[in-house]
Amino acid sequence: MSHVRVRFAPSPTGFFHIGSARTALFNWLYARHTGGTFILRIEDTDKERNSEAFLNLIYDSLGWLGLNWDEGPRVGTSGGGDFGPYRQSERSAIYREQVDRLLAAGRAYEKDGAIWFKLLGERYEVFDDHRQKTVTKVRVPPVVIEDRIRGRVERLEDEDFVIVRSDGSPVFHLVNVVDDIAMRVTHIIRGEDHLSNTSKHVHLYEGFGVKPPEFAHIPLILKQSGPGKMSKRDQGALIEEYQRRGYLPEALVNFLCLLGWNPGDDREKMPIAEIIRLFDLPGVNQSNARFDEKKLAHMNMAYLLELPADRFVAEARAGFARQAETPAARAALAAPVEYFREVMLLSQPKIRGIEELPAYTAYFFTEDVAVDPKVRDKVMGKGDPKARLRELLAALPEMNFASDAAIEEALKALATRHGLGFGDYQAVARLAVSGTNAGPSITGLFRVLGRARVQARLERLLAA
RNA sequence: GUCCCCAUCGUCUAGCCUGGUCCAGGACACCACCCUUUCACGGUGAGAACCGGGGUUCGAAUCCCCGUGGGGACGCCA
């Protein structure tokens, strides 16, 4: 097969959402799988709804997800190319030229100040119930689309349609086809919502005397609950939200791949190189998929667990920085970097997401430890916790804080000396140092907090 | 309303093309138990699906038809 050229063609008219990201991802994967070219084209012909902020969001989100483009607007290390400009707002002259060609060839005409594409065939009038008006139809054979995912699809396109608005601006169908021809796009991979537009596009290709590219219409992502496809307003729909919550882009990408595609076996968590190796159009499903935030969260946790220490600490710090206005985050960021690092690494195997970190680790960075009253009542109401505290305090000066193993040994020795178990000290010590009953191992807690903090907190609880 | 697409556990899906190896496998979620020094992770197990009806066939989750359900499109939006 000749060199594959695919494109992702978003319009900067709204937030960048999960559905767009997956369309971009499938195009990117196909390009990377085939050694082809991934083009980013900005479809900003809707002057009313365009915004520079949304445009930057597209660049940011693609960049964050790691979906670098080979051709397109130049941003960071992505972009460039010989078929630009890649923003449709800068290609007006090209569209005007192509419309003139259609006009000259008799395949377009002017009506009501707009320019219409002319279908070839006998015309007749019919009343359209849905639109409540009489429309002119044309007798044409149905368009046959050999879709790489759907198979053979037939659709009748029997009305002329507008390609240039009366204000002179070109319409989506026109610019889409003109640019795909000009940019030598070989495969159009897009959402199934475009399947019904494809008949218009095929007519346009024929109008230009060009063989249409391959089409591949991917299934849609449905909202988590309730009817309909996912939209920008739905819970969990926005890419920037995951970015802000500290999700790992590789986890989101892995999850997104599995929405409508699978490697053909049971594997789910896969390195991107493996996904690229296995991804192909025939492996894409035909049915729509419902978005599941919980499964995404699980995938994210699995990636978090395996993250190398340096990267985890960096992600954690970024997460705190995003909440820098809260006292807890400010205190953590002000702490010595080595201490911050130790706290984060202690928490890494325990948390489900970066966003949990500030609350999960708050007591490491303040002496004003919040105490969970229910936990306090439960722990303090069982056995003789104050006696245990006194015994801990007595043993503390001699305790070796060098390692978790040393601390564990010391605590076990203490318990044995008093004819008790590890657990008899664990609960009350944890309450004293953290104010709660959940968290990293008590030995890790002692080691990272250090003798002085532990002593102060044990004493405080004893005095309470 | 018209046209187009789709249909396996609650959800994502394997199996379907090339019918028997499927009283349907995995994952998320839920529940139970185990592990354990709390909380997680992990482990084991349970419950949970071939939308309905016709056909074809010795045999259908797999092929065909009709229903039904879901989704999409029907703009001088993209």
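Residue numbers begin at 1 in each chain, while the letters A, B, ... track the order of the sequences.
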Syn or anti for B:rC58, with syn set at within 90° of 0?
anti
Along nucleotides 1-9 of chain B, 5' to 3', which nucleotides get a B, which get an S, and which get a -, given that the test is a protein heavy-atom distance under 4.0 Å?
B-SSSSS--
Protein within reach of the bases, or only the backbone? For nucleotides 21-37 of chain B, mark each nucleotide 5' to 3' as B, S or -, using heavy atoms under 4.0 Å.
----BBBSS-------B
Distance alone, cut at 3.5 Å: any donor-acceptor contact between the side chains of [X] and [Y]?
X	Y	answer
A:Tyr86	A:Asp179	no
A:Asp234	A:Gln224	no
A:Ser287	A:Asn285	no

With sequence neighbours excluded, residues passing salt bridge (charged side-chain N to carboxylate O under 4.0 Å, His left out) with [X]:
X	answer
A:Arg49	A:Asp46
A:Glu342	A:Arg447
A:Glu355	A:Arg245
A:Arg22	none

Looking for any heavy atom pair under 4.0 Å, which part of the strands does [X] touch: base, sugar-phosphate only, or nothing?
X	answer
A:His173	base
A:Pro440	base
A:Gly228	sugar-phosphate
A:Ser166	base
A:Asn285	sugar-phosphate
A:Gly260	sugar-phosphate
A:Ala114	base
A:Ile351	nothing

In whole angstrom, give me the gap between the [atom1] atoms of [N] and [M].
N	M	atom1	result
B:rC64	B:rA48	C1'	31 Å
B:rC22	B:rA49	C1'	13 Å
B:rC41	B:rG25	C1'	25 Å
B:rC76	B:rG10	P	43 Å
B:rC30	B:rU68	P	37 Å
B:rA60	B:rG53	P	14 Å
B:rA61	B:rG45	P	27 Å
B:rG42	B:rC4	P	47 Å

Look through every strand shown and name the nucleotide pairing with [N] as Watson-Crick or G-U wobble, where both distances are under 3.5 Å.
N	answer
B:rU2	B:rA73
B:rA7	B:rU68
B:rU18	none

Nearest to side-chain heavy atoms of [X], which nucleotide of [options]:
X	options	answer
A:Val171	B:rU38, B:rA78, B:rG71	B:rA78
A:Leu222	B:rG71, B:rU13, B:rC76	B:rG71
A:Lys350	B:rA78, B:rG72, B:rU38	B:rU38

Apply side chain to side chain donor-acceptor pair (under 3.5 Å) to [X] and list each qualifying residue two or more places apart in sequence or on a separate chain.
X	answer
A:Lys378	none
A:Ser20	A:His17
A:Asp377	none
A:Glu90	none

[X] [atom1] - [N] [atom2] separation (whole Å):
X	N	atom1	atom2	result
A:Leu259	B:rA14	CG	P	12 Å
A:Asp193	B:rG75	CG	P	15 Å
A:Ile221	B:rG70	CD1	C1'	16 Å
A:Asn437	B:rA40	CG	C1'	12 Å
A:Asn254	B:rC12	CG	P	17 Å
A:Ile218	B:rU13	CD1	C1'	17 Å
A:Leu278	B:rA14	CG	C1'	15 Å
A:Leu258	B:rC12	CG	P	12 Å

Between A:Lys229 and A:Gly113, name the one whose nearest nucleotide on RNA chain B is closer to the 5' end.
A:Lys229
Using the closest heavy atom to pick a nucleotide of RNA chain B for each, name whichever of A:Arg49 or A:Met301 lands nearer the 5' end.
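The 5'-side residue here is A:Met301.
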N/O-N/O pairs, protein side and nucleotides 48-52 of chain B side, under 3.5 Å:
none

Would you say the base of B:rA78 and the side-chain of A:Asn197 have a donor-acceptor pair closer than 3.5 Å?
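Flag set: donor-acceptor pair detected.
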ring-ring contact (aromatic ring centres under 6.0 Å, His included) with A:Phe26: which of A:Trp261, A:Phe38, A:Phe279?
A:Phe279
Test: salt bridge (charged side-chain N to carboxylate O under 4.0 Å, His left out). Region: residues 422-434 of chain A. Which pairs qualify, not counting sequence neighbours?
none
Ring-face cation of A:Arg101 near A:Phe208 (centre distance under 6.0 Å, axis angle within 45°)
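No cation-pi geometry.
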Decide if atom CD of A:Glu398 counts as having more than 12 heavy atoms of other residues, nucleotides or ligands within a radius under 6.0 Å.
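No.
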